[in-house]
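Order of the sequence lines fixes the chain letters, A, B, ..., with proteins taken first and strands second; residue numbering starts at 1 for each chain.
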Amino acid sequence: MKNKRIIQAYDSINPSAQEKERMLNAILSQASPVPETKSGRKTEAYTAQPAVRNHLTLFLSVAACVAILLGGGFLLVKMGGDTQNLAYTQPTDNPGTLPPTDVHIETMEGDWMPTATAYDDILRLYKAALAENWTIEQYRQAGISSAVVEKSARGSLGWSLLDINNDGNEELIISDGETLYDLYAISGEDALENLARSEGEIYCKLYDGGILIRQTILETETSWTVFSLDRDTRNVRSLVVFRDQTYYAGTSELDLKPISKDSVPDLIMNYSAAPLELTPFQVIPEDLYADKNVNPEYIPCLQLYETALREDWNPGICAENGISLMVGYYGELFDELGYALIDLDGNGVNELIITDGNYIYDLYTIVDDEEYGPLRLLTGSERITYNLMEYNRIFCWGSSGAAVSHYTFSVLEGRELRIQEGYLYDADTDPENPWFFYDGEHLPQPCGDFDAEAVVNGGYMSVEIPFTSFE
Amino acid sequence: MPSPRTANRAFLGIYQRQVDTVYRVCYSFMKNRPETEDMVQETFLRLLSSGKKFENERHERAWLIVTASNLCKDNLKKWWRNTENIDDYDLLFHDTQDRSDVLEAILALPNDYKVAVYMYYYEGFSTAEIAEHIGCPDATVRSRLSRARKQLQSLLGGGTR
């Protein structure tokens with residue numbers, strides 16, 4: 001149904017002819033000549049797991065950087081859209097004078113990766129990994145640091161944003177305050193770059209203004225490289241190598257000199273800690289609800305809804321996690337969904353209602369013999385809705401098609417909702433007399449349109465549920 | 001840079017037919033013209049990369065509206081926007097002086113409502129069609145429209161029905 005005022009409002013923002021031409025030229029200049037290949041910048045469709053391929057490539061590049069730092073060569077890594085190439089090129093002209101800081105990572109346009117929310121994909125992967133206790137193989141397949149698996153206290157793992165390489169943009173740091181598990185940067189529009197990762201025999205640590213990478217090669221040689229980042233350039237402060245039972249130090253493989261073991265700590269540990277303020281992945285403390293008279297048994301339930309909203313779960317994920325799929329339609333509308341605590345059955349224990357103030361999306365109660373926490377009594381969906389009525393009665397509307405609907409009024413008794421009265425509209429059974437009445441005990445009986453419609457269309461008024469929003 | 005003359009004729013046809021629509025949708029999210037232009041480009045680039053075939057012009061329009069709104073919502077979620085004062089965008093682009101009260105009210109709607117409002121009140125799609133295109137139940141579309149109506153009425157003092 002069109003609306004004149006709204007049409008006029010929208011018409012006031014039409015683009016000018018110059019804007020149209022400018023946009024078209026910009027589109028054509030960015031478009032791939034063969035769009036179906038999906039290989040060009042901005043023409044690649046967003047994929048469900050964009051991080052995997054790119055991050056694997058980036059990991060390889062970081063590993064190669066470490067290797068080249070040790071070798072003192074010049075690295076040029078090019079990453080093609082569909083292929084992963086690591087090219088190590090020994091400089092041909094006077095390699096001895098080449099400074100180790102000339103480590104350079106170059107990304108081809110084909111690697112531009114459209115991301116929905118910059119680092120959100122990475123954070124989501126880590127959250128899922130921690131919540132689901134992923135195996136090392138799962139971490140590797142997802143392209144995030146599998147060293148997290150070996151971490152004994154994963155609860156302290158968190159993330160932080162800090163401008164490490166002084167490019168004016170904040171990088172994403174995954175750390176426990178000690179180990180640097182992953183470091184990501186936005187290297188261009190929508191492109192993520194992994195700058196460091198602890199994995200396997202590689203250990204990374206973040207210093208104030210620098211990064212330490214320790215790598216063990218074939219159990220016979222270990223190297224420590226401390227470097228700072230200036231945009232995409234690595235400035236090596238010190239390189240220590242332990243090989244043949246001797247420690248060597250320098251700034252590149254080419255100027256290594258033997259040193260005593262005692263001087264090693266000064267070279268690789270004499271740096272202050274990075275000023276990290278980590279946001280833990282488990283972000284909802286239980287005491288958030290302590291001053292709101294929430295029964296502790298309900299707290300895990302509430303945390304689940306908090307997580308669903310914060311991570312913008314879709315209806316399918318909500319249903320898979322045992323909460324009303326309707327929560328998946330709230331997305332960013334945090335303040336419109338919340339919870340209420342009402343003692344519906346008068347037993348002195350509040351029931352937990354997930355609501356928007358009108359509909360009941362989920363209803364929980366606590367029963368003594370429930371082994372797994374609160375018992376969910378009902379869950380709303382598109383075709384089954386619940387409202388709270390006067391005297392704590394619960395009204396349910398359900399539909400299984402245009403010809404069949406039901407309307408019931410129930411009360412909570414113990415761990416069950418007992419139907420007190422119900423109306424069934426079943427035109428499939430009897431198109432002439434589609435309304436049936438159900439008293440909760442006997443079989444539904446035909447009843448007149450007048451009685452049923454009077455009830456269904458306003459005979460009872462739902463009450464507004466005062467709720468505490470999740471925001 | 002390829003000339004428009006050498007570009008795919010079908011794409012140019014779609015662009016000419018739908019650029020106004022896509023622009024209006026993007027503007028309702030981004031609220032300033034420079035970022036709107038960026039998102040319009042993103043939307044048509046997405047069309048190019050998708051190789052999408054449309055059943056008719058109405059399908060084509062609906063797909064572009066939904067795609068544009070999704071891209072805008074994604075863009076608005078980017079982390080760097082959360083670290084900046086979004087109000088600065090308006091100040092920066094001096095883009096507010098020509099807006100009517102109704103447009104301001106539309107721009108103030110929650111993002112989840114905007115695409116439903118545009119498709120229903122501007123384009124004349126039914127709630128069932130909107131639901132199909134944005135992939136949610138009809139009841140949700142009606143709920144969003146209802147809430148949007150209430151918000152518009154409270155901002156404008158009625159008269160948007």
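Taking every heavy atom of both residues into account, A:Ala9 and B:Leu103 meet most closely at CB-N, 3.8 Å. Contact between A:Tyr10 and B:Arg24 at its shortest, heavy atoms only, is O-CD, 3.3 Å.
The environment of OH in A:Tyr359 is sparse: at most 12 heavy-atom neighbours from other residues, nucleotides or ligands sit within 6.0 Å. Within a 6.0 Å radius of CD in B:Glu57, more than 12 heavy atoms belonging to other residues, nucleotides or ligands are found.
Residue with the most contacts toward chain A among B:Thr21, B:Thr127, B:Ile106, B:Asp101: B:Ile106 (heavy-atom pairs, distance under 4.5 Å). The residue among B:Ser28, B:Ala105, B:Pro137, B:Ala139 with the most heavy atom pairs within less than 4.5 Å of chain A is B:Pro137.
To the nearest 0.5 Å, the span separating OG on B:Ser143 from OH on A:Tyr329 amounts to 11.5 Å. Expressed to the nearest 0.5 Å, how far CG of B:Leu107 lies from CD1 of A:Ile13 amounts to 6.5 Å. With values rounded to the nearest 0.5 angstrom, B:Glu123 atom CD is found 12.5 Å from A:Ile6 atom CD1. In this structure, OG on A:Ser16 lies 7.0 Å from CZ on B:Arg33, to the nearest 0.5 angstrom. Taken to the nearest 0.5 Å, the CD atom of B:Gln41 stands 9.0 Å off from the CZ atom of A:Arg22. Here the straight-line distance linking atom NZ of A:Lys20 with atom OH of B:Tyr15 works out to 8.0 Å at 0.5 Å rounding.
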Check your understanding: When you look at B:Val102 and A:Gln8, which way does the side chain to side chain contact (heavy atoms under 4.5 Å, CB included) test go after all the steps?
Key -> CA-CA 9 Å; B:Val102 180; A:Gln8 286 174 342; over 6 Å; no
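A salt bridge is defined here as a Lys NZ or Arg NE, NH1 or NH2 lying under 4.0 Å from an Asp or Glu carboxylate O, and B:Arg147 with A:Asp356 meets this definition.
Counting heavy atoms from C-beta on, the side chains of B:Leu12 and A:Leu24 come closer than 4.5 Å. For the pair B:Phe44 and A:Met23, the minimum side-chain heavy-atom distance is 4.5 Å or more.
Listed by chain and residue number, nothing satisfies the side chain to side chain donor-acceptor pair (under 3.5 Å) test with B:Asp38 (two or more places apart in sequence, or in another chain). B:Phe29 meets the ring pair (Phe, Tyr, Trp, His ring centres under 6.0 Å) test with no other residue; sequence neighbours excluded.
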